[in-house]
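Along the sequence shown, the residues carry numbers beginning at 1. The figures here come from the full heavy-atom set of this structure, side chains too, leaving out hydrogens, waters and symmetry mates. One-based numbering, in listed order, for ligands and for the atoms of each.
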Amino acid sequence: MTEKILVIGANGQIGTELVMALRGIHGAENVIASDINDPTYAIRNSGPFEIVNVLDKHNLHHIFDKHRPTQVYLLAAILSAVGEKKPKMAWDLNMTGLIHVLDFAVEFKTAKVFWPSSIAVFGPHSPQYNTPQYCVMDPNTVYGFSKLAGERWCEYYFEKYGVDVRSIRYPGLIGWKASPGGGTTDYAVHIFHEALKTGKYESFLSADTALPMMYMEDAIRATISLMDAPAGQIKIRSSYNLAGISFTPTQLAQEIKKHIPAFEISYTDTDPRQAIADSWPKSIDDSSAQQDWGWKLEYDLPKMTADMLDNLKRVL
Ligand code: AKB
């Protein structure tokens with residue numbers, strides 16, 4: 001069967017890379033990229049694009065009706081740091097956008113829906129190390145509790161209406177093709193740009209703040225393999241933990257120094273993102289993803305750092 005895939009929020013950090021990967025697999029004409037803003041150069045020049053506002057039900061209904069997608073990836077969201085500045089807007093976009101998509105998936109019998117969750121669903125009382133799939137969850141950011149509520153809606157639509165919705169709790173994502181959009185883990189991308197441009201970086205997270213991260217190559221591969229897995233293998237319909245690689249700003253800086261010996265890192269201790277990072281896990285247990293759909297990480301810290309620097313050098 002030919003898939004017709006709609007990616008909502010295609011201009012973002014994940015969307016930019018996912019659209020290209022999906023177009024490579026399914027053919028450019030079968031992957032409709034969409035975003036509330038005009039498309040980026042790469043997205044516009046590689047296939048179809050639609051302006052979509054997930055909060056505008058009529059607009060979204062029209063797009064579902066026009067393209068009748070077999071798969072929808074809903075990536076439009078406000079991330080943790082921006083969410084704390086615009087809490088109501090973050091709740092509205094992250095929740096209402098999801099409900100609209102789930103409702104249209106029921107109406108148009110969309111075969112599969114992907115929706116990203118995050119390590120932000122965990123909170124200060126969740127176990128900090130090797131955080132399990134199921135545990136106490138008390139997120140204290142709007143982004144975090146919108147993702148936790150969204151997970152519950154995903155499972156609910158699967159149970160009540162049979163929507164084949166699949167989800168991953170992404171760690172911080174690191175890639176060279178697109179910038180992150182207002183999260184707490186963004187330092188781990190900015191540091192590479194500054195290392196190459198100026199040879200130094202002031203981290204907004206403290207030296208020993210460990211967080212789970214993942215290279216974009218792995219994140220895209222995980223997303224597509226979750227979506228390709230037979231439905232019977234998907235035992236979790238809220239969202240799967242993915243561990244990625246856990247490291248601190250100091251450890252990342254040490255790895256960068258192996259390639260750029262003069263690189264220097266410094267730290268600020270006044271950034272509000274520190275409190276968000278402190279409420280999140282330091283490492284994650286993703287044994288359910290490994291068991292259910294065969295997940296396996298490929299990029300460790302040295303491999304990711306080398307690849308990031310090689311690619312960024314070419315494009316900066
Ligand atoms: C953020 O920092 O808000 C995101 C996330 C971990 O979901 N990158």
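- Within the structure, ring pair (Phe, Tyr, Trp, His ring centres under 6.0 Å) pairs that include any residue of residues 177-221 comprise Y215-Y299 (at least two apart or interchain).
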- Evaluate the ring pair (Phe, Tyr, Trp, His ring centres under 6.0 Å) criterion for residues W115 and Y73: first the C-alpha distance (whole Å), next the side-chain angles of each, then the deciding distance (0.1 Å), finally the verdict. CA-CA 6 Å; W115 178 80; Y73 291 74; over 10 Å; no

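- If you look at ligand 1, the protein residues with a non-hydrogen atom under 4.0 Å away are L79, S80, S118, I119, Y143, G183, T184, T185, W280.
- Within the structure, every pair that satisfies the side chain to side chain donor-acceptor pair (under 3.5 Å) test and touches residues 12-23, not counting sequence neighbours, is listed here: R23-S46.
- The ring-ring contact (aromatic ring centres under 6.0 Å, His included) test applied to Y170 returns no partner, not counting sequence neighbours.
- Judged purely by atom type and a 3.5 angstrom limit, S117 has no side-chain atom pairing as donor or acceptor with the backbone of I168.
- With a 6.0 Å radius and a threshold of 12 heavy atoms from other residues, nucleotides or ligands, E202 has its CD atom above the threshold.
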